Amino acid sequence: MNAFQRMNTALMVDEARQIFKVSRQAFVDPDILEAERARIFDKCWLYLGHASELPKSGDFVTRQVGGRSILFARDAKGGLRAMFNTCPHRGAQVCREKHGNAKSFQCFYHGWVFGLDGALRSQPGEASYAPDFKERSTSNMQPVPRFETYRDFCFVCFDRNAETLDTYLGPVKEYLDIIGDQAETSMTIVGGTQEYSMRANWKLLTENSIDGYHALTTHATYFDYLKATNGGLVPVPLEGAARDLGNGHAVLEYKAPWGRPVAQWVPMWGDDGKREIDRLYQGLVTRFGEERAKRIALYNRNLFVFPNLVVNDIMAVTIRTYYPQAPDFMTVSAWALAPREETDWARKYRLFNFLEFLGPGGFATPDDVEALEQCQRGFRNATEAQWNDISKGMGKETPAYDDELQMRAFWSNWNKHVFAASA
Amino acid sequence: MQNITRDDVEDFLFAEAELLDEWRLPEWLELFTDDAIYYVPSTDVPADSSPDKNLFYVADDRFRLSERVKRLMKRTAHAEFPHSRTRHLVSNVRIRSRGDSEMEVAAAFITYRTKDGVTDTYFGSNRYRLVTDNGRLRIKEKRCLLDSEGLRTQGRVSIIL
């Protein structure tokens, strides 16, 4: 019996005494990772991409999602398709480019040609096949079992019997609406993908992405920098709330002193910037009224969608997803999201803002990477130094953005999935 | 710029590499003009892309570059404290074009970074726009084009490439 089989929980919880601890075995044990693959990544809705990445018929991207190779394409009628990128004949990956535009997809191995919808169109030596061969569904590229979208966020699920995306997301939709409503037309992914990796367990990035507690220490140099950029900050205190959205999802919603290209002006943007920000804000008020406009414009949101999607609506909007490759290694992909109709000025400052803080060349993310890798190193002591403590704010009725409610929401749901069979 | 030879350019780039490897970053910053830019584009956009319209890894103007240097010299730049050891190798140096006041230079690079028993390799090409200032070469633009697929496995650009 391995260590995982002996466990029936990774948590030590005592609400009355405000104890919430997570076993460090959960970050290092290969059997845990196998269980996560089967019970989380094979069962939950996973982010595939954004509809704006495929503006025209024939546009496609190939992507690794939940350990699968997926071809995501816009078909001839303008519909979105998500299919397994494997030839029904002998299994080769059909599309080998990361992105592009195609009229059809051809497997180079034996030359089978598929339509944008994955249907077999022709294959060399057709006469040698049964007359109805092309009519058989098994001759086509296989669609993913479930593919659904919400406000252009496209998700797949490998469990045919899973609840609908709508039900799965639940209260998360309200936050995707707030982000989607920032555009008069629609939101779009900006060109350029940040692809990176961390020598750390994937759950560390889940925790870190919704951890308000580490900001001032881990990112001390970022705050130094903002203070140095004469006019980079406004006197808005960093404060707000954490919410458990159910199903393991969570959000932090808070005010912060940095500029938001949605509508929080900072002096370094000057008079031109002030006019632009005022115009954007008035647009929000006209469309949604004062109260909702304020919420959209002045509040930041770190939104976590179980198990591995983070949408940060902060000084820019980032979409980030990540997967375990080994207990101590993950790959990360991140994109910038922006209103399609945004002016050149706003787009430029949005991306400038993004790079200051976010991403593996920013003034903050490299320190997050370091922190997570140092945790993973610390877990070498997991046999003796066994527990992580995430009890901060347990006694409070309304936990703050820098408490740990959101991590407990993740871990409770994680535990339910991973140990369901033995519970 | 007509009298500047490839030897001059190579000496300049080798000296730049030495400053970076010795973590003499404030001196390194002095190689740049006051209106200089330092770019590391993401690897799925064309080489001449603009950071105003595309998501990059790094897109610094001179001010942000000086702040990057300030940051990297602090103990609180956790990603680089203690400093990693690096070796910047510069090769295949070519003068691509030459005007009266500015020249374009291409060079291949390999940079090794070692910390905590792990070595990362960054490789690609650097495109420079160089000018002269009181007879000294200075950098007006450094555009670092990574050949790797993103930053896998390097994970971050916490050093200057």
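We use all heavy atoms of the structure for the numbers below, so side chains are in, but hydrogens, waters and symmetry mates are not. In what follows, chains carry the letters A, B, and so on, assigned in the order in which the sequence lines appear, proteins first and then strands, with residues in each chain numbered from 1. In this text the structure is predicted, and so the values were computed from the model without any measurement.
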Contacting moiety of B/Lys53, where chain A heavy atoms sit under 4.5 Å:
both
So which of B/Arg64, B/Glu80, B/Lys74, B/Gln154 has the largest heavy-atom pair count under 4.5 angstrom toward chain A?
B/Arg64
Side chain, backbone, both or neither of A/Ala338 within contact of chain B (heavy atoms, under 4.5 Å)
neither
Quick check on the interface: out of B/Ser158, B/Ser148, B/Gly155, who has the most heavy-atom pairs with chain A under 4.5 Å?
B/Gly155
Side-chain ion pair, B/Lys70 and A/Asp224, N-O less than 4.0 Å
no
Nearest heavy-atom pair of B/Arg152 and A/Thr331: which atoms, and what distance?
NE-CB, 3.7 Å
I'd like to check A/Tyr225 versus B/Arg68 (side-chain heavy atoms, cut-off strictly below 4.5 Å). Are they in contact?
no
Looking only at heavy atoms, the pair that brings A/Thr193 and B/Ser42 closest together is O-CB, 3.2 Å
Distance, nearest 0.5 Å, that separates OG1 of A/Thr221 from CE of B/Met73
13.5 Å
How close do A/Pro360 and B/Leu151 get, heavy atom to heavy atom, and via which atoms?
CG-CD1, 3.5 Å
Kindly check if the number of other-residue, nucleotide or ligand heavy atoms within 6.0 Å of CZ (B/Arg87) is above 12?
no
Quick one: does any side-chain atom of A/Asp367 pair with a main-chain N or O of B/His78 as donor and acceptor, under 3.5 Å?
yes
Decide if atom CZ of B/Arg85 counts as having more than 12 heavy atoms of other residues, nucleotides or ligands within a radius under 6.0 Å.
no
Take atom CZ in A/Phe223; do more than 12 heavy atoms of anything else shown fall under 6.0 Å from it?
yes
Measure distances from A/Glu356 to the heavy atoms of chain B and classify the residue's part below 4.5 Å as side chain, backbone, both or neither.
both
The interface call for B/Val157 against chain A, heavy-atom contacts under 4.5 Å, is both
Look up atom CZ in B/Arg156 and atom OG in A/Ser197, then write down how far apart they are to the nearest 0.5 Å.
10.0 Å
Search all heavy atoms of B/Asn54 against all heavy atoms of A/Val190 and return the closest pair with its distance.
CA-CG1, 4.0 Å
Give the minimum heavy-atom separation between A/Phe363 and B/Arg71, together with the two atoms involved.
O-NH1, 3.4 Å
Under the salt bridge (charged side-chain N to carboxylate O under 4.0 Å, His left out) rule, what do B/Asp120 and A/Arg199 come out as? Steps first, then yes or no, please.
CA-CA 12 Å; B/Asp120 286 312; A/Arg199 293 177 175 103; 2.8 Å; yes
Heavy-atom closest pair (B/Tyr57 atom, A/Leu355 atom, distance to 0.1 Å) is O-CD2, 4.0 Å
Portion of A/Phe354 that has a non-hydrogen atom of chain B nearer than 4.5 angstrom
side chain
Toward chain A, the part of B/Val40 with a non-hydrogen atom under 4.5 Å
neither
Heavy-atom proximity to chain B below 4.5 Å, by part of A/Ser333
both
Pairing of A/Glu373 and B/Lys115 as salt bridge, 4.0 angstrom limit
no
Gap separating the CG atom of B/Asp52 from the OH atom of A/Tyr349, nearest 0.5 angstrom:
9.5 Å
Looking at A/Asp344, A/Thr218, A/Leu351, which one has more heavy-atom pairs under 4.5 Å with chain B than the rest?
A/Leu351
Flag if over 12 foreign heavy atoms under 6.0 Å of OH, A/Tyr213:
no
When B/Thr43, B/Val118, B/Asp60 are compared by non-hydrogen pairs under 4.5 Å with chain A, the top option:
B/Val118
Looking at chain B, which one of A/Arg377, A/His99, A/His219, A/Arg350 has the largest number of heavy-atom pairs inside 4.5 Å, strictly under?
A/Arg377
Count the heavy-atom pairs under 4.5 Å between each of A/Val332, A/Asp368, A/Thr217, A/Thr365 and chain B, then report the option with the highest count.
A/Val332
Heavy atoms from other residues, nucleotides or ligands near CZ of B/Arg24 exceed 12 (cutoff 6.0 Å):
yes
So, taking the atom named CG in B/Asp44 and the one named NZ in A/Lys98, what distance separates them when rounded to the nearest 0.5 Å?
7.0 Å
With a 4.5 Å heavy-atom cut-off, do A/Gln194 and B/Leu55 have their side chains touching?
yes
When you look at CD of B/Glu149, are more than 12 heavy atoms from neighbouring residues, nucleotides or ligands closer to it than 6.0 Å?
no
Within a reach of under 6.0 Å around CG of B/Asp133, are more than 12 heavy atoms found that belong to other residues, nucleotides or ligands?
yes
Got a second to check how far B/Asp61's CG is from A/Phe352's CZ, nearest 0.5 Å?
4.5 Å
